[in-house]
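To find a chain, count down the sequence lines: A is the first, B the second, and so on, and within it residues start at 1.
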Number of protein chains: 2
Amino acid sequence: MKAAPEREVDRSVSQTVKAQLALRDQILSGSLRPGERISELQAVETTGASRTPVRMALVRLEEEGLLEAIPSGGFMVKAFSERDISDSIELRGTLEGLAARFAAERGVSARELEPLKECLAAIDELLRQVPISVDAFSSYVTLNARFHALLTELSRSPPLIRQIDRASALPFASPSGFVMAQSALPEAQQILIIGQEHHRVVIDAIENREGARAEAIMREHARLAVRNLRLALRNRTHLDLLPALALIKAATD
Amino acid sequence: MKAAPEREVDRSVSQTVKAQLALRDQILSGSLRPGERISELQAVETTGASRTPVRMALVRLEEEGLLEAIPSGGFMVKAFSERDISDSIELRGTLEGLAARFAAERGVSARELEPLKECLAAIDELLRQVPISVDAFSSYVTLNARFHALLTELSRSPPLIRQIDRASALPFASPSGFVMAQSALPEAQQILIIGQEHHRVVIDAIENREGARAEAIMREHARLAVRNLRLALRNRTHLDLLPALALIKAATD
DNA sequence: CCCTCCGCTATTGTATACATAACGTATTCA
DNA sequence: TGAATACGTTATGTATACAATAGCGGAGGG
């Protein structure tokens, strides 16, 4: 592999992965706007990888749902409607409901629930401060994602876990842009607290092997997130410039 | 593009697509066994495309869930347990339930239901003969897939449709191998008839805008398919050599 | 002045060459 | 005789060259 004279090659990770991460960041940060065509040549320059890994990254991102193939060739950044996004949230909730049911029906040891409960306690701690700070909200988002990931794992169903990961691409994609915290909605924290109550109930249901209840609560949880999204969208003013995705991480409970 | 002297190049479809289809066929037909490492060089020879399109096809098939990346490099054919498959069926049913609910809640015109009802009638016609012939069963599988696809479309939710397509990759992947028809189970046709009844009910529920009922029936439909799969797996004898996927199209209702 | 057609350019699709890492084998030393 | 190391072969990751097509702009005719 002959390194180009002027180009620094980072050998620690594969070029393909590097390109994929870089491009995803560009999409989610809004550097590439929805609907915009993505140029391979340009991607080569911004990512530092050559065309082959860039193309592989583009294919992966297309399968991931962030890009859309253009019939005449190439890719464009996919655009999402508000309904697309709320549907995605409900979809994810439905899948997580199934995961919770599987977990309840198949049984989970106390040891496996341990990290979930730790997550719960940490979130409790964060939500105690009213109103919540931006930093705390940021931690909340991380912990919440962790909770959901752990819950998904409990299903012990690789196909389901895989599918939930894919379904989460939209709702959880954004690396930053904690819109809700910025807009400082008064209802926001109340919604977070209700969501946390859901978390508590689902763990209880799984412990008691009540599959139907576990499933129902996760679906309710998703409906809450949809309401939350609607709320955030109603109150957006200065946010119109952000790509739709940037809203999601904040709104998806 | 200089065609290699001895290699016939088919320009009607892109090499990438051609390679993807060829490789998928190889996987699903069992030419490549689960767990087997897939060699790029070999794939180049069997598909007739060069390495770049082959690699893109491999990445796509990995994202599709048929291949698994090997940490040290390359890909292998993914292996599925029986539980993986039954979980996939239930997963798909859950998603289709959501689609049916969306369709019911969002309203569907009589015109849109037309093709569904035609499908229904055609399947009725096929199921009238007892026992069903292999040819008729083959037609049934096609019509059934069409019905499910049309139903999915009714949700008018691109993210959900996309997700269902992906979830169907496993259950509906196999291009042939109508196992159930061959094994000629006595219960088989009865299950088909019950499934057809489900189809009828879900259309009725959507017409009457009963979202909850539409959703429930599709989930029941999936549970029936899982029972059907179990039945088929119990009765397999000469089928052990087939890849797990080959069973699915037949068993998934 | 507008519409159409031709040609050019830019970008993607494909092929292949090159580098590197991993695996297997053989040989040598303990 | 067994194990470890070194070397060679093979296959993957990466880069780049080449071919073809689509889109765009200019020029010419109506």
Side-chain angles (χ1 to χ4, degrees), chain A residues 1-23 26-27 31-33 35-63 66-78, chain B residues 1-23 26-27 31-33 35-63 66-78:
Chain A
M1 193 188 315
K2 178 173 48 182
E6 311 211 10
R7 185 188 294 168
E8 274 306 307
V9 183
D10 177 8
R11 292 158 188 279
S12 62
V13 300
S14 86
Q15 299 293 318
T16 302
V17 173
K18 193 180 73 174
Q20 188 177 353
L21 293 175
L23 286 172
Q26 288 181 34
I27 295 167
S31 307
L32 297 164
R33 306 277 285 270
E36 186 175 344
R37 182 172 191 150
I38 200 166
S39 154
E40 275 187 15
L41 192 62
Q42 184 184 330
V44 164
E45 284 179 7
T46 58
T47 63
S50 77
R51 278 190 65 209
T52 305
V54 162
R55 282 179 71 76
M56 291 187 44
L58 291 174
V59 169
R60 285 206 146 90
L61 290 168
E62 182 208 354
E63 299 288 334
L66 261 46
L67 296 180
E68 195 173 353
I70 300 173
S72 64
F75 299 93
M76 55 179 278
V77 180
K78 207 161 173 177
Chain B
M1 194 187 314
K2 176 173 51 182
E6 311 211 9
R7 186 188 293 167
E8 274 307 308
V9 182
D10 178 9
R11 291 156 189 281
S12 61
V13 299
S14 86
Q15 299 292 348
T16 302
V17 174
K18 192 180 74 174
Q20 188 176 353
L21 293 176
L23 286 172
Q26 288 180 33
I27 295 166
S31 307
L32 296 164
R33 305 278 285 272
E36 187 175 343
R37 182 174 192 148
I38 200 167
S39 154
E40 274 187 17
L41 191 63
Q42 183 185 331
V44 163
E45 285 179 6
T46 59
T47 63
S50 77
R51 279 190 64 208
T52 305
V54 162
R55 281 178 71 76
M56 294 191 36
L58 291 174
V59 169
R60 286 206 145 90
L61 290 168
E62 182 207 355
E63 299 288 333
L66 260 46
L67 297 180
E68 195 172 353
I70 299 173
S72 64
F75 299 92
M76 55 180 275
V77 179
K78 207 162 174 178

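- Spacing between atom CE of A:M76 and atom P of D:dA22 amounts to 18 Å, rounded to whole angstrom units.
- Contact record, B:L67 with B:V77: CD2-CA, 3.9 Å, taken as the closest heavy-atom pair.
- Distance, A:R60 CZ to D:dG13 C1': 12 Å, rounded to whole Å.
- One interatomic measurement links the two molecules: CZ of B:R51 to P of D:dC18, which rounds to 19 Å at whole-angstrom precision.
- The residue A:I38 sits close only to the backbone: its heavy atoms come under 4.0 Å of sugar-phosphate atoms, none of a base.
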Check the pair A:Q26 / A:I38 against side chain to side chain contact (heavy atoms under 4.5 Å, CB included), numbers first and verdict last. CA-CA 11 Å; A:Q26 288 181 34; A:I38 200 166; 5.9 Å; no

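- In terms of phosphate contacts, A:T16 brings a side-chain nitrogen or oxygen within less than 4.0 Å of OP1 or OP2 of D:dT14.
- Under 3.5 Å, the side chain of B:T52 and the base of C:dT16 form at least one donor-acceptor pair of N or O atoms.
- With a 4.5 Å cut-off on side-chain heavy atoms, B:R60 and A:E62 count as touching.
- Distance CD (A:E40) to C1' (C:dA10): 12 Å, rounded to an integer number of Å.
- As a whole-Å value, the separation of A:R55 CZ from D:dG13 C1' is 16 Å.
- Here A:S72 does not reach the OP1 or OP2 of C:dT12: none of its side-chain N or O atoms lies under 4.0 Å away.
- For the pair B:L41 CG and D:dG13 C1', the computed distance is 15 Å after rounding to whole Å.
- Atom CD in A:E62 sits roughly 14 Å away from atom C1' in C:dT12 (whole-Å rounding).
- Rounded to whole Å, the distance from CD on A:Q42 to P on C:dA10 is 15 Å.
- Taking each heavy atom of B:A22 and B:T47 in turn, the nearest pair found is CB-CG2, 3.8 Å.
- Positionally, the nearest nucleotide of DNA chain C for A:S39 lies more toward the 5' end than for the other of A:S39 and B:P53.
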